[in-house]
Amino acid sequence: MLDRETFGQITETLGRFVAEQLIPAEPAMAEAGAVPPGLIAQMAELGLFGMALPEEWGGLGLTLEEEVELLFILCRASLSFRSVLGINNGVGSYGILRYGSDAQKRRHLPRLASGERIAAFCLTEPDFGSDAASIRTSASRRDGGWVIEGTKRFITNAPEAGVFTVIARSDSGSRDHKGLTAFLVERNTPGLSVGPTDRKLGLAGSHTADVVFSDCRIPEEAILGAEGEGFRIAMSALERGRIGIAASAVGMSLRLIDEALAYAGERRSFGKPIGEHQLVQAMLADSEAEAFAARSMVLEAARRYDAGEPCGKQASCCKLFATEAVGRIADRTLQIFGGAGYMRDYPIEQLYRDVRVLRIYEGTSQIQQLIIARQMMRDGASPLRRQ
Ligand SMILES: Cc1cc2nc3c(=O)[nH]c(=O)nc-3n(C[C@H](O)[C@H](O)[C@H](O)COP(=O)(O)OP(=O)(O)OC[C@H]3O[C@@H](n4cnc5c(N)ncnc54)[C@H](O)[C@@H]3O)c2cc1C
């Protein structure tokens, strides 16, 4: 945890960077379909690739509460920017940090924290997304190491990544989560190839692709954690990641509300600014209330996480609420902009498309509902029940 003064300086610097560099770069980034290398270098210089990593590995050593506060600021700019560094701070480094050997930590964490190396996390497959326990990519023992066979789909940062956390079925007789193991596979490993970059609805500057493993041989030391622990590693990484996704949704909600407010103050109809019409005010107020609720939830969940309390249900509540809320907020903001909101000349059209994915990746809204309800049923009703 940083002292408040240092943390205050970081948030101030980040706020300026977002306002002066990232937001103005959004149209060009969308046009080019990539985040400019100069901005990636500046994000690395600010330490953003290592927000979630301890100082001993070259990270900023932030608590999750501090990290989400930075995400509230960073994600006022297009979510493509966060996407470039999100896996390094989340599902791509979490397994190494929590379950990795000393040698794995030494090899990967400093390079992930500095942004020199990009991480990818490979769980989803062509036939299995939400039903992750059923994945079929196989890992078989051979010649003292492992051979991986299979295809992973929609993998964020696959075109750029240097190290892939891969969840594969190491027990060929199993059909459920118990037979899964996590592996670290490096980019230049023979048998690993990356497919063409996917064409997507939004997140123009963030790239996803298939990752194909064909007779991909890796050494025994590539195993992450213990054999059979892959599902647990993936789920615990995703649980933490969901609070981060929710924080991104909050940052973007605040941006969208600011855009709506500015436009409502300057655009006039029927002789007055549209923001003076009560029906427009209702849209602004609903958005503000939802963003406030989402922000409060994310901070509370992050505090619980930092205190070491179980927070799987709370992480899912945050992801469900904050990502559904930002969808509604983007829709209202576009409505407040009227026809201009539908046009590429204004930022709303791009931001509206970007936020849609938040309800899908790292567990769809329906999967969050299942996790929340399952735990509620397990805990049961009680007058002393805490949320
Ligand atoms: C831009 C982008 C980036 C991504 N990055 C990564 C990445 O880096 N790594 C990675 O591993 N994956 C990644 N994914 C994949 C993502 O996590 C999956 O798309 C997501 O988990 C949903 O899986 P699916 O697409 O197979 O949908 P499906 O599982 O086929 O679900 C289809 C629909 O059915 C619903 N559904 C499924 N099962 C149930 C159920 N039991 N009850 C109720 N409803 C249900 C879902 O909610 C959804 O609405 C990415 C996806 C996108 C779009």
Side-chain angles (χ1 to χ4, degrees), residues 30 33 35 78-95 112 118-137 148 150-169 176-177 180 182-185 187 192 194-213 224 230-231 233-242 244-245 248-249 252 316 319-320 323-324 327 350 353-374 377:
V35 177
S78 162
L79 296 172
S80 288
F81 296 115
R82 193 257 165 164
S83 199
V84 167
L85 51 85
I87 309 289
N88 281 39
N89 281 300
V91 289
S93 63
Y94 177 90
L112 294 180
I118 297 297
F121 175 79
C122 305
L123 178 63
T124 306
E125 298 182 356
D127 292 331
F128 302 99
S130 303
D131 185 9
S134 300
I135 55 163
R136 293 282 162 79
T137 291
I148 305 199
T151 299
K152 296 293 184 178
R153 178 136 297 170
F154 306 146
I155 304 304
T156 299
N157 292 345
E160 296 85 12
V163 60
F164 300 77
T165 297
V166 182
I167 312 298
R169 185 163 301 283
D176 63 7
H177 65 281
L180 304 182
F183 297 90
L184 286 177
V185 187
R187 173 84 186 201
L192 182 160
V194 174
T197 300
D198 297 318
R199 298 168 66 228
K200 312 191 295 313
L201 176 72
L203 290 188
S206 160
H207 308 135
T208 69
D210 279 7
V211 180
V212 181
F213 300 92
L224 187 57
F231 193 72
I233 293 174
M235 291 307 121
S236 53
L238 287 169
E239 183 179 303
R240 187 183 188 284
R242 283 168 186 150
I245 301 280
S248 309
M252 185 42 65
S316 288
K319 181 168 191 285
L320 174 64
T323 65
E324 293 283 340
Q350 186 193 138
R353 285 186 287 109
D354 285 351
V355 299
R356 188 61 184 84
V357 76
L358 295 172
R359 287 186 261 167
I360 297 171
Y361 61 19
E362 300 207 12
T364 63
S365 289
Q366 290 70 40
I367 294 304
Q368 306 314 317
Q369 288 172 318
L370 294 182
I371 295 171
I372 296 164
R374 214 179 281 144
M377 296 299 287

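Computed over heavy atoms, backbone and side chain alike; hydrogens, waters and symmetry mates excluded. Ligands are counted one by one from 1 in listed order, and the atoms in each one are counted from 1 as well. Note that the numbering runs from 1 along the sequence shown for the chain.
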Nearest-contact summary for [atom] - protein heavy atom, Å:
| atom | value |
| --- | --- |
| atom 18 (C) of ligand 1 | Thr124 OG1, 4.0 Å |
| atom 39 (C) of ligand 1 | Ile367 CD1, 4.2 Å |
| atom 20 (C) of ligand 1 | Ile360 O, 3.6 Å |
| atom 2 (C) of ligand 1 | Tyr361 CD2, 3.7 Å |
| atom 24 (P) of ligand 1 | Gly129 CA, 3.9 Å |

Can you check [atom]: any protein non-hydrogen atom closer than 4.0 Å?
| atom | value |
| --- | --- |
| atom 8 (O) of ligand 1 | yes |
| atom 37 (C) of ligand 1 | yes |
| atom 53 (C) of ligand 1 | yes |
| atom 4 (C) of ligand 1 | yes |
| atom 30 (O) of ligand 1 | no |

Problem set entry | Spatial distance of atom CG (Leu192) from atom SG (Cys122) [nearest 0.5 Å] |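 So the CG of Leu192 and the SG of Cys122 are separated by 7.5 Å.
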Report the part of [X] (side chain from C-beta onward, or backbone N, CA, C, O) that has a heavy atom under 4.0 Å from ligand 1; answer both or neither where that applies.
| X | value |
| --- | --- |
| Lys152 | neither |
| Thr156 | both |
| Val357 | side chain |
| Leu370 | side chain |

Exercise. Which pairs pass salt bridge (Lys or Arg N to Asp or Glu O under 4.0 Å) with one or both residues in residues 120-129, sequence neighbours excluded?
Worked result: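 For residues 120-129: Glu125-Lys152.
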Exercise. Distance only, no hydrogens: is a donor on one side chain within 3.5 Å (strictly under) of an acceptor on the other, for Ser130 and Gln366?
Worked result: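 Not at all, the side chains of Ser130 and Gln366 share no donor-acceptor pair under 3.5 Å.
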Kindly say whether [Y] contributes a backbone atom to a donor-acceptor pair with the side chain of [X] at under 3.5 angstrom?
| X | Y | answer |
| --- | --- | --- |
| Ser93 | Asn88 | yes |
| Ser206 | Leu203 | no |
| Lys200 | Val357 | no |
| His177 | Ala132 | no |
| Arg82 | Ser248 | no |
| Arg153 | Asp210 | no |

Does [X] reach ligand 1 with a nitrogen or oxygen that is under 3.5 Å from one of the ligand's nitrogen or oxygen atoms?
| X | result |
| --- | --- |
| Leu123 | yes |
| Ser130 | yes |
| Gln366 | yes |

What heavy-atom pair brings [X] and [Y] nearest, and what distance separates the two atoms?
| X | Y | result |
| --- | --- | --- |
| Pro196 | Ala209 | O-CB, 3.6 Å |
| Leu184 | Val163 | CD2-CG2, 4.2 Å |
| Ile87 | Phe121 | CG2-N, 4.1 Å |

For this session: Going by heavy-atom distance to atom 14 (N) of ligand 1, choose the closest among Phe121, Phe154, Phe164.
Result: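 That would be Phe154.
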For this session: Among Leu238, Thr156, Thr323, Leu123, find the one that has a side chain to side chain contact (heavy atoms under 4.5 Å, CB included) with Glu362.
Result: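 So, applying the side chain to side chain contact (heavy atoms under 4.5 Å, CB included) to Glu362 and each of Leu238, Thr156, Thr323, Leu123, only Leu238 qualifies.
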Counting from 1, what ligand 1 atoms have a heavy atom of [X] closer than 4.0 Å?
| X | answer |
| --- | --- |
| Thr364 | 22 (C), 46 (C), 47 (O) |
| Ile155 | 7 (C), 8 (O), 9 (N), 10 (C), 11 (O) |
| Glu362 | 17 (O) |

